[in-house]
Protein chains: 2
Amino acid sequence: MLRVSKLTDYATVVLTHIAHQPNELHAASDITQATGVALPTVSKVLKLLSKANILTSHRGSKGGYLLASKPKDTNVAEVITAIEGPIGITECTTDHSACEQESSCEIKGNWNLINRAVYAALEAVTLADLVLPVVEQAVSISMPVKMETNDLKAES
Amino acid sequence: MLRVSKLTDYATVVLTHIAHQPNELHAASDITQATGVALPTVSKVLKLLSKANILTSHRGSKGGYLLASKPKDTNVAEVITAIEGPIGITECTTDHSACEQESSCEIKGNWNLINRAVYAALEAVTLADLVLPVVEQAVSISMPVKMETNDLKAES
DNA sequence: CTATATAGTACTAAAATAGTCCTATATAGA
DNA sequence: TCTATATAGGACTATTTTAGTACTATATAG
């Protein structure tokens, strides 16, 4: 299905909320109220994001989380990496020792190329794009050059 | 982790093997021997691929599987879709009714854009590319336009 | 008619993921 | 200095997904 985990999905929701007021502290409980995502889940996501330096944390009373950089300086690839670890579509790209049939496997190099394209696509989208209304984004995000020749089958 | 299932990985291995001799019938047992992938797994993959019309099947003695199109006319996006269903990175792009927080979710349109970029990247790679030696591919596969500005962090 | 090979489906075991809970630590303000 | 509040970190559990197996039906070459 080539999908991102739910936790990452929540991370984008949380970050989008924070990016709307990039200069304010946001406590986990506030974010829960605003987004409807369960508190323990929000909390987990926030911890992961601050560990990856996408957010900075402030403990204690009146503490909370703050964007570490400007919205346009944080991209989706970083967010996914923060939540799920290094991005690689197949397992052998992230864990080289795990594949038992290396000798008969000519695919590795090819998948690497695909990974790069996917990574670049994800890197092109920033938090600032996620905050924008949907319509305006189309121009601000780069598309693979072959794009115009194909329609999306998945859309129905 | 943004990854593709093992079954899809096997599918590319199997298809790469078949694409080397695109005009011959390949029985499941032959493919097992050549690739080292377990027979039941190969069998499962082959069935899914023929159901999706990527392969044509021939039953009975001396039967086997054959590529339905030329290697360059089958792309990776089709293979992934055959094995795992419609490609969509987040769940709400494939299952619109499942999201309970639609009202507070502004992300959907944005993820759709990302999905398109990813899909296009996958669509640009064909079986013919997978058969080529790794070096030659670089020129034959289109890359997103912003690609050159960024390096891959996942590579280490 | 028989050996061989795919078609289809149901099932089981293992792994990954989501989500919860508890304890420790830091800070603001009284 | 004490207390309320908020994050840090880690361990744990339930659920879901995925991988892999097994069995029966059907088609075809010779």
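Because only heavy atoms are used, hydrogens play no part in the values below, and waters and symmetry mates are left out as well, while side chains stay in.
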Just how far, in rounded Å, is [atom2] of [N] from [atom1] of [X]?
| X | N | atom1 | atom2 | value |
| --- | --- | --- | --- | --- |
| A:D9 | C:dT17 | CG | P | 15 Å |
| A:K6 | C:dA16 | NZ | P | 19 Å |
| A:L46 | C:dG19 | CG | P | 15 Å |
| B:L25 | C:dT6 | CG | C1' | 12 Å |
| A:Q33 | D:dA6 | CD | P | 11 Å |
| A:L39 | D:dA6 | CG | P | 11 Å |
| A:H26 | D:dT7 | NE2 | C1' | 16 Å |
| B:L48 | D:dA19 | CG | P | 11 Å |

Any idea which of [options] is nearest the [X] side chain?
| X | options | value |
| --- | --- | --- |
| B:S50 | C:dA18, C:dT6, C:dA7 | C:dA7 |
| B:A38 | D:dT21, D:dT26, C:dA28 | D:dT21 |
| B:Y10 | C:dT6, D:dG20, D:dT21 | D:dG20 |
| A:T41 | C:dT20, C:dT17, D:dA8 | C:dT20 |
| A:S61 | C:dT6, D:dA4, C:dT4 | D:dA4 |
| B:A27 | D:dG20, C:dA5, D:dA8 | C:dA5 |

Connected via hydrophobic side-chain network under 4.5 Å: A:L48 and A:V37:
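Same cluster: A:L48 reaches A:V37 through Ile, Leu, Val, Met, Phe, Trp or Tyr contacts under 4.5 Å.
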- Under a 4.5 Å side-chain heavy-atom rule over Ile, Leu, Val, Met, Phe, Trp and Tyr, are A:L7 and A:L127 clustered together?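 Per the 4.5 Å side-chain linkage, A:L7 and A:L127 are co-clustered.
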- Would you say C:dA18 has OP1 or OP2 under 4.0 Å from some side-chain N or O of A:S5?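 True: A:S5 side-chain N/O within range (under 4.0 Å) of C:dA18 OP1/OP2.
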Would you say A:S57 reaches D:dA8's phosphate, i.e. side-chain N/O to OP1/OP2 under 4.0 Å?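 Answer is yes, contact under 4.0 Å.
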Counting any heavy atom closer than 4.0 Å, what does B:L7 reach on the DNA or RNA strands: base, sugar-phosphate only, or nothing?
->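 Here B:L7 touches the backbone only, sparing every base.
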message = Counting the atoms with a prime plus P, OP1 and OP2 as sugar-phosphate, which does A:K47 contact under 4.0 Å by heavy atoms, base, sugar-phosphate, or nothing?
response =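 Base contact - A:K47 has a heavy atom under 4.0 Å of at least one base atom.
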Q | Check: B:H26 side chain, B:L67 main-chain N or O, donor-acceptor pair, under 3.5 Å | A |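 No; zero donor-acceptor contacts below 3.5 Å.
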Discussion item. Using only atom types and a distance under 3.5 Å, with no angle test, would you say the side chain of B:S43 pairs donor to acceptor with the backbone of B:L39?
Written reply: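 No, the answer is negative, given that no donor and acceptor are paired below the 3.5 Å cut-off.
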Hey, what do you get for NE2 (A:H58) to CG (A:L25), rounding to the nearest 0.5 Å?
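Atom-to-atom, A:H58:NE2 and A:L25:CG are 5.5 Å apart.
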Open item on the list: What verdict does the side-chain contact (heavy atoms from CB on, under 4.5 Å) test give for A:L15 and A:L55, after you've listed the backbone C-alpha separation in whole Å, the side-chain angles of each residue and the deciding distance to 0.1 Å?
Closed with: CA-CA 9 Å; A:L15 280 173; A:L55 297 175; 3.9 Å; yes
ask   = Is there a donor and acceptor pair, one atom on the side chain of A:R59 and one on the base of C:dT25, closer than 3.5 Å?
value =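 Such a pair exists between side chain and base.
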- Query: Does D:dA29 have a Watson-Crick or wobble partner in any strand here, with both distances under 3.5 angstrom, and which is it?
  - Reply: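 For D:dA29, the partner nucleotide comes out as C:dT2, under the 3.5 Å rule.
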Check your understanding: Which sits closer to the 5' end of DNA chain D, A:K44 or A:K62, going by the nucleotide each is nearest to?
Key ->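 Its nearest nucleotide lies further toward 5', so the answer is A:K62.
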